Novice: 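Below is one structure. I have some questions about it.
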Amino acid sequence: MPRMDGLEATRIIRKLPGYRNIPIIALTAHAMRADVVKTMEAGCNLHVTKPITKNHLIDAIKKSL
């Protein structure tokens, strides 16, 4: 995203009234343990790494709901 990254967007979304508990899945190429920790600390529910298959994405969505 040109003005902010997904982690910053997640932090902003989590502060909005009524959006604290909506599922947010991070889809990223960053797969190191430190990246997963940053993602979760930002407020994401799941951290999914690329490349991703259709079935993997469906499983992630089901897990989040």
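Since the model is a prediction, treat every value here as computed from it, not as a measurement. Along the sequence shown, the residues carry numbers beginning at 1.
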Novice: What pairs with R14 under side-chain contact (heavy atoms from CB on, under 4.5 Å), at least two apart in sequence or on another chain?
Specialist: T10, I22, I24, N45

Novice: Using the side-chain contact (heavy atoms from CB on, under 4.5 Å) definition, which of the options V48, L46, T49 pairs with L27?
Specialist: V48

Novice: Partners of E8 by side-chain contact (heavy atoms from CB on, under 4.5 Å), sequence neighbours excluded?
Specialist: M4, D5, R11, I12

Novice: Please identify each residue that fulfils side-chain contact (heavy atoms from CB on, under 4.5 Å) with T28, with sequence neighbours left out.
Specialist: H30, H47

Novice: Which salt bridge (charged side-chain N to carboxylate O under 4.0 Å, His left out) pairs, counting each pair once, include a residue from residues 22-44, with sequence neighbours left out?
Specialist: none

Novice: Got a sec, which residues hit side-chain contact (heavy atoms from CB on, under 4.5 Å) with L65, two or more places apart in sequence or on another chain?
Specialist: P23, I61

Novice: I need the I25 CD1 to K63 NZ distance, nearest 0.5 Å.
Specialist: 10.0 Å

Novice: Name the atoms and distances for all side-chain donor-acceptor pairs under 3.5 Å in residues 52-59, with sequence neighbours left out.
Specialist:
unit_1: T53; atom_1: OG1; unit_2: H56; atom_2: N; d: 3.1

